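Reviewing the structure listed below.
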Amino acid sequence: MGRIAEQDPGIDRALDAMQVERARAGGIVVEGRLSGWLIDGDLRIWLRAPLAVRAARVAARDGTDLESARRDALAREEGEHRRYRQAYGLDLSDLRRYHMIVDTSMWGPDEIVAALLVLARCLRGGAAPSAGGTVARGRSL
């Protein structure tokens with residue numbers, strides 16, 4: 001899909017506009033590489049992992065070899081950086097907008113979700129994000 005979106009910038013713009021519109025209603029978790037920039041969420045979290053970890057995860061998920069997964073991940077990342085810089089003037093490597101950056105290589109999905117829920121509840125004084133609240137989450141696989 002990324003290769004197609006590189007040829008047609010309207011794809012990214014349409015998907016991003018739908019995400020922003022839905023987030024305005026609040027009470028949701030929004031996930032995407034641009035979420036933290038496009039949505040002024042109550043809690044903006046960037047999930048990241050080293051390339052070797054991401055490649056291993058993709059290779060296991062897709063049943064492909066590690067080197068192909070690594071090459072594909074790098075190509076995808078480079079394409080996204082290029083597209084988002086052209087479309088929005090954003091530098092995806094500049095994570096200053098995020099409240100928190102979590103290295104996902106250290107824990108499994110269940111542990112990460114549990115920890116992030118604790119943070120979201122702390123943000124609201126012990127309660128989950130309000131009906132009007134939004135959590136924006138970016139990621140690198």
Side-chain angles (χ1 to χ4, degrees), residues 1-125 127-141:
M1 185 64 182
R3 289 185 195 104
I4 295 169
E6 283 187 45
Q7 304 304 313
D8 181 0
I11 293 171
D12 282 331
R13 293 247 183 224
L15 290 172
D16 297 338
M18 286 189 298
Q19 188 179 72
V20 168
E21 183 63 30
R22 177 57 186 98
R24 284 189 182 125
I28 67 168
V29 173
V30 180
E31 190 280 327
R33 283 171 186 69
L34 296 182
S35 298
W37 284 278
L38 299 179
I39 298 167
D40 194 24
D42 296 323
L43 180 60
R44 293 182 302 275
I45 303 165
W46 183 265
L47 302 178
R48 74 171 173 197
L51 177 61
V53 171
R54 292 183 283 141
R57 288 174 179 169
V58 170
R61 181 192 69 204
D62 295 349
T64 187
D65 66 277
L66 190 57
E67 182 54 30
S68 293
R70 189 191 71 73
R71 273 194 318 270
D72 289 348
L74 275 177
R76 178 177 159 196
E77 188 174 288
E78 290 168 1
E80 288 170 347
H81 279 259
R82 202 172 32 255
R83 284 189 353 248
Y84 303 148
R85 184 178 305 275
Q86 289 173 346
Y88 299 104
L90 295 175
D91 177 4
L92 286 182
S93 65
D94 179 3
L95 302 178
R96 288 179 292 174
R97 181 144 166 82
Y98 286 87
H99 299 110
M100 171 175 263
I101 300 165
V102 177
D103 182 338
T104 66
S105 65
M106 298 176 67
W107 303 281
D110 292 338
E111 293 82 11
I112 292 168
V113 168
L116 297 179
L117 284 172
V118 168
L119 290 171
R121 288 184 182 111
C122 289
L123 179 68
R124 291 290 178 210
S130 68
T134 303
V135 176
R137 182 171 60 111
R139 66 179 167 87
S140 67
L141 287 178

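As the structure is a prediction and not an experimental result, all values here were calculated from the model. Note that the numbering runs from 1 along the sequence shown for the chain.
The side chain to side chain donor-acceptor pair (under 3.5 Å) test applied to D91 returns S93, not counting sequence neighbours. Partners of R97 by side-chain contact (heavy atoms from CB on, under 4.5 Å), not counting sequence neighbours, listed by chain and number: W37, D40, R44. Here L117 pairs with V113, R121 under the side-chain contact (heavy atoms from CB on, under 4.5 Å) rule; sequence neighbours left out. Residues forming a side chain to side chain donor-acceptor pair (under 3.5 Å) with R82 (at least two apart in sequence, or on another chain): E6. Considering only residues two or more places apart in sequence or on other chains, D110 meets the side-chain contact (heavy atoms from CB on, under 4.5 Å) condition with none of them. Every residue two or more places apart in sequence or in another chain that forms a side-chain contact (heavy atoms from CB on, under 4.5 Å) with S68 is listed here: T64, D65, R71. Shown here are the side chain to side chain donor-acceptor pair (under 3.5 Å) partners of D72, two or more places apart in sequence or in another chain: there are none.
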Do R54 and R48 pass the side chain to side chain contact (heavy atoms under 4.5 Å, CB included) test, and can you show the C-alpha distance, the side-chain angles, and the key distance before you say yes or no?
CA-CA 9 Å; R54 292 183 283 141; R48 74 171 173 197; over 6 Å; no

The test is side chain to side chain contact (heavy atoms under 4.5 Å, CB included); show your working for L90 and R85 and say whether it passes.
CA-CA 5 Å; L90 295 175; R85 184 178 305 275; over 6 Å; no

In sequence, state the C-alpha distance, the side-chain angles, and the governing distance for L47 and I101, and then conclude on side chain to side chain contact (heavy atoms under 4.5 Å, CB included).
CA-CA 6 Å; L47 302 178; I101 300 165; over 6 Å; no

Please lay out, stage by stage, how L34 and L92 fare under the test side chain to side chain contact (heavy atoms under 4.5 Å, CB included).
CA-CA 8 Å; L34 296 182; L92 286 182; 3.8 Å; yes

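In this structure, CZ on R70 lies 6.0 Å from CG on L51, to the nearest 0.5 angstrom. For the atom pair CG (L116) and CG (L123), the distance works out to 12.0 Å, reported to the nearest 0.5 Å.
Residues E80 and R83 are not paired through a salt bridge, judged by the lack of any N-O separation under 4.0 Å between the basic side chain and the carboxylate.
The minimum heavy-atom distance linking A69 with A55 is given by the pair CB-O, 3.4 Å. Taking all atoms of both residues into account, the shortest heavy-atom contact from D103 to P50 is OD1-CD, 3.9 Å. Across R22 and I28, no two heavy atoms sit closer than the pair NH2-CG2, 3.0 Å.
Side chain of Y84 to backbone of G89: no donor-acceptor contact under 3.5 angstrom is found. Put simply, the side chain of E111 gets close to the backbone of G108: a donor and an acceptor are under 3.5 Å apart.
Side-chain atoms of T104 and R57 include a donor-acceptor pair closer than 3.5 Å.
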Please report, to 0.1 Å, the donor-acceptor pairs under 3.5 Å made by any side chain of residues 14-21, with sequence neighbours excluded.
{"from": "D16", "atom 1": "OD2", "to": "Y88", "atom 2": "OH", "distance (Å)": "2.5"}
{"from": "Q19", "atom 1": "OE1", "to": "S35", "atom 2": "OG", "distance (Å)": "3.3"}
{"from": "Q19", "atom 1": "NE2", "to": "E31", "atom 2": "O", "distance (Å)": "3.1"}
{"from": "E21", "atom 1": "OE1", "to": "R24", "atom 2": "NH1", "distance (Å)": "3.1"}

